[in-house]
Amino acid sequence: MPRPRVLSLEGLSPLCTGGNWLPDMKWAAGCVDALGDVGGCSSRIISWEEIANADPDILMISPCSASTTRTLNEIHLVASNAIFWSLKCVQRGKIYIMDHSRFSRCGPRMVEGIEMMAILFRGISLSSISVAHRAKWAKDALKYQCYTTNDGDDTNAKLVSHCTTELAARFAPCFEDLATNSLAITPRRISMKEKKVIGLSLCQVTRCTIPGSSLPPNRSAHCLVPIKRTENKNMTLLLLAGESSLAKRLTDVWELHAPSNGWSDASSLDGKGARHSSPKLGTSGTWEYLVCGKVAGENVPTPRSNHASVACGEYILTFGGWGADNVTPLSHCELLHADTLCWTHCSTRGFLVPSPRGNPTLVFQQESNRVVLFGGWNGDRALKDLWFLDMNVWQWHNITSKRKEAKENWPQSRTDHSAVMWEMDNDRDIMLVFGGNIEGVGPCSELWALEVPKGSENRTTFNWNQLLICGSRPTPPARTSHSAAIVGKGNSQKMVIVGGTDSSRGASRGSMLCDAWILELNDAQHDPIWIKLNWSGSGLSRCRHAMAAIDASTVIWWGGYDGDTTVNDNVGVWRGCIGSMCTEPLLGTKAVTDEGPAKPTTGLRERWEAEIPVRVEDLPADTLAKAKRSRLPGAVFKAIHRHAVANKRDTYIDPASGYSVFSQVYLKRRPCCGNGCRHCPHGYINVPGKSNTACDDDDDSLEW
């Protein structure tokens, strides 16, 4: 039996491979290093291309000093790259998360690490392990469960089912019964203590009165579309598809009915004892599962998530997204009739159609009866193409191919952005695009305006302009996977954005933005203004949720992902009220003064900032130049450490190895761990053979 080729990662951002004694440990376990490294080699930074070329049989993820729990919270750092999902070891489920303590130091624990690798990577039966060892290793090794049973197949055939937002939930312990998996992530139910909110309400929603009806399954990457039925003057919201908490792509459709007295009078779950109280009659919304039909012979609707849906008169148009396997981008354009609830393929004229993609945006221009499509991700790269679908003749038009001369004034390729339509009174409307993940750059806070002419004869006069907010007013931080909606009419319209994520701010829930902003659009003679809403509460701590405006000052959102798992709003939906539409700072917003933006008032925001590692690029130019001129050993990393301490950062990236190193800011919050940390402030009291000399900020060895 050939030795399996194992690639081990000891750093995730940037990617670092383990060296030193680790290749020898692999050999002793009956394996071989996938990169050809040998014992004694140095750890080094590698690229995704090197990993793809190595094509390992097994991927072992064991970041330096990290437990399996911490690694689970950071696994999105590798899962966000398309090459990760293309690896054969990933598609076969050969991914292991291992506690680094078994591989970090020369000693008896290395023997256990070798035994663990031999058992897991060589296929030795778990029955050969003693009960004591199984208990000892219970949480030290996790394996990716990439296979799920096809419930619709009596033969119980296995299907590959990859997931992104729920990836951490798909790892199970290797050395204990999977039925007792204590690390499995379950949907988080919001506790009453978390519901101390400002400006928001968690409105109570009940099941439909039809016997046997239920509530929608928790999900993320779905759509929430406002519609008005022909026979009903009241606006309702349609919930379409998405990704379940079990990483399954959905096809279901639900309708959220407003309380009979309107959302402004909806009963709230914010107060004490609300869980046990019954809502007053007419004050709770209602979820109704819709049984939809389809045109005979058509296989619709397609299971999908991360798609775009928009109401177009009597139709709901759905485009793009990720298919049932989460690796196949879709171009399936499908229509749901709002009155008859009948699905059908959207057959279009001509041969030009948008390419398959996930995470695009769609907006509808009512007066011209056309849909505008922008951006997305096709699995290999982000896109920046612009299309519109003329629903008068059902034909796609590629605007990008006709505007090659305007490359200098065109948004960069992006995905996970938002787009809304600003309806104007003149001969044009404006599509506003905010944020998203720019190809090769990362999350951004760019605001672009696309002038969309009215009238079906104007097919090429689409103009992009980047809107730059001048002055000292604050602007929203960079983000992706947020939600946006337009409230109001005419010049009083405002764009609302809620939530989102930025992985550079930290891992897991630390990457959530937890804020809400409005963009005062004004008119052509006045520049737009960003205002941060003074909203707070767990309803903001999410991304990949769906939001819709229900009137001139109110938005409703539901579902999403909180950085760890799919959120569970239980029997509620979130309502945000913008307040009065006056030119002064809005009711419930933070006023902006000449002194600049207000400082963060919560310790949580400070903790998020502390999780962002300091890099050599963050050093002032004169400090970096001085460190490079110094002849003292380690002058550069010492300068980075001083900068990290001065800015209260927990870690910094060592420029030589690429490893993340704890600063004294972090180490002072805990006793000496005994691992001989570089900047131990405790005098290495628990490290055998080390002198008990504390390393503090005033140590002369850190000076020039």
Supply the atom-to-atom distance His482 NE2 to Arg544 CZ, rounded to the nearest 0.5 angstrom.
11.5 Å
Under 3.5 Å, side chain of Arg219 to main-chain N/O of Pro217, donor-acceptor pair present?
yes
Any Asp57 side-chain heavy atom under 4.5 Å of Lys94 side chain
no
Candidate list Val661, Asp650, Ile653, test side chain to side chain contact (heavy atoms under 4.5 Å, CB included), partner Pro613, passing option
Ile653
For residues Ala52 and Ile83, report the shortest heavy-atom separation together with the two atoms involved.
CB-CG2, 3.8 Å
Tell me whether Asn675 contacts the main-chain N or O of Cys677 through its side chain, where contact means a donor paired with an acceptor under 3.5 Å.
no
Electrostatic pair Asp33:Arg5 at N-O distance under 4.0 angstrom
no
Parallel under 30°, tilted from 30 to 60°, perpendicular over 60°: which one fits the rings of Trp85 and Tyr144?
perpendicular
Run the side chain to side chain donor-acceptor pair (under 3.5 Å) test on Asn359 and Trp322 for me, step by step, so that the C-alpha distance in whole Å, both residues' side-chain angles and the decisive distance to 0.1 Å come before the verdict.
CA-CA 8 Å; Asn359 312 99; Trp322 297 101; 3.3 Å; yes
Side-chain donor or acceptor of Glu439 paired with backbone N/O of Arg414 under 3.5 Å:
no
Can you tell if the side chain of Tyr652 reaches within under 4.5 Å of the side chain of Arg615, non-hydrogen atoms only?
no
Non-hydrogen atoms of Gly500 and His545 that approach each other most closely:
N-CE1, 4.3 Å
For the pair Trp21 (side chain) and Phe103 (backbone), establish whether a donor and an acceptor sit closer than 3.5 Å, ignoring hydrogens and angles.
yes
How about Cys514 and Ser541: do any of their side-chain heavy atoms sit closer than 4.5 Å?
yes
Side-chain ion pair, Asp569 and Arg542, N-O less than 4.0 Å:
yes
Side chains of Ile61 and Pro63: does their closest heavy-atom pair fall under 4.5 Å?
yes
Looking at Ala118 and Arg122, what are the two nearest heavy atoms and their distance?
O-CB, 2.9 Å
Is it true that Arg102 and Glu112 make a salt bridge, defined as a side-chain N closer than 4.0 Å to a carboxylate O?
yes
Does any part of the side chain of Ile497, heavy atoms only, come nearer than 4.5 Å to the side chain of Ser483, both counted from C-beta?
no
Going from OG1 on Thr71 to CG on Asp99, what distance comes out if it is rounded to the nearest 0.5 angstrom?
8.0 Å
Exercise: identify the closest heavy-atom pair between Pro56 and Cys89:
O-CB, 3.5 Å
Apply the test side-chain contact (heavy atoms from CB on, under 4.5 Å) to residues Arg649 and His643: give CA-CA distance (whole Å), side-chain angles for both, the deciding distance (0.1 Å), then the verdict.
CA-CA 9 Å; Arg649 299 289 182 85; His643 188 77; over 6 Å; no
Inspect the contact between Arg44 and Glu50 and indicate whether a charged nitrogen and a carboxylate oxygen are less than 4.0 angstrom apart.
yes
Does Gly93 offer a backbone N or O that forms a donor-acceptor pair with the side chain of Lys143 under 3.5 Å?
yes
Applying side-chain contact (heavy atoms from CB on, under 4.5 Å) to Leu15 and Ile45, what does each step give before you reach the verdict?
CA-CA 6 Å; Leu15 296 170; Ile45 298 177; 5.7 Å; no
Compare all side-chain heavy atoms of Leu9 with those of Ile51 and state whether any distance is below 4.5 angstrom.
yes
State, without any angle test, whether Ser663 and Lys648 hold a side-chain donor-acceptor pair at a distance under 3.5 Å.
no
Salt bridge check, Asp515 against Arg479: does any charged N sit closer than 4.0 Å to a carboxylate O?
yes
Any idea which heavy atoms bring Asp502 and Leu513 closest together, and the distance?
N-CD2, 3.6 Å
With a 4.5 Å heavy-atom cut-off, do Met116 and Asp140 have their side chains touching?
yes
What's the verdict on side chain to side chain donor-acceptor pair (under 3.5 Å) for Tyr666 and His679, showing C-alpha distance, side-chain angles and the deciding distance?
CA-CA 10 Å; Tyr666 175 82; His679 303 291; over 6 Å; no
Take Leu624 and Val616 through the side-chain contact (heavy atoms from CB on, under 4.5 Å) test and state the conclusion after the steps.
CA-CA 8 Å; Leu624 179 60; Val616 66; 3.7 Å; yes
Using the side-chain contact (heavy atoms from CB on, under 4.5 Å) rule, take Lys26 and Leu22 through it: C-alpha gap first, then chi angles, then the decisive distance, then the call.
CA-CA 6 Å; Lys26 296 175 185 176; Leu22 195 54; 4.1 Å; yes
Here the pair of heavy atoms bringing Ala644 nearest to Val665 is O-CG2, 4.3 Å
Donor-acceptor contact below 3.5 Å, side chain Thr17 vs main chain Ser8:
yes
Check ion pair Asp654-Arg678 (N to O, under 4.0 angstrom)
yes
Is the Trp48 ring parallel, tilted or perpendicular to the Phe84 ring (thresholds 30°, 60°)?
perpendicular
Give a yes or no answer on whether the side chain of His222 reaches the backbone of Trp558 with a donor-acceptor pair at less than 3.5 Å.
yes
Any side-chain heavy atom of Cys672 sitting closer than 4.5 Å to one from Cys680?
yes
Could you tell me the separation between the CD1 atom of Ile640 and the CG atom of Asp618, rounded to the nearest 0.5 Å?
8.5 Å
Criterion side chain to side chain donor-acceptor pair (under 3.5 Å) on Thr501 and Ser511, from CA distance to verdict:
CA-CA 5 Å; Thr501 181; Ser511 66; 3.1 Å; yes
Please round to the nearest 0.5 Å and tell me the distance separating atom OG of Ser104 and atom CG of Asn20.
11.5 Å
Distance in Å, Ile97 CD1 paired with Ser62 OG, rounded so as to fall on 0.5 Å steps
9.5 Å
Residues Ser305, Arg249; criterion side chain to side chain donor-acceptor pair (under 3.5 Å); working and verdict:
CA-CA 6 Å; Ser305 67; Arg249 270 66 203 169; 3.1 Å; yes
Listed by chain and number, what are the ring-ring contact (aromatic ring centres under 6.0 Å, His included) partners of Tyr96, not counting sequence neighbours?
Phe121
Roughly how far, to the nearest 0.5 Å, is CG of Leu72 from CG of Leu142?
5.5 Å
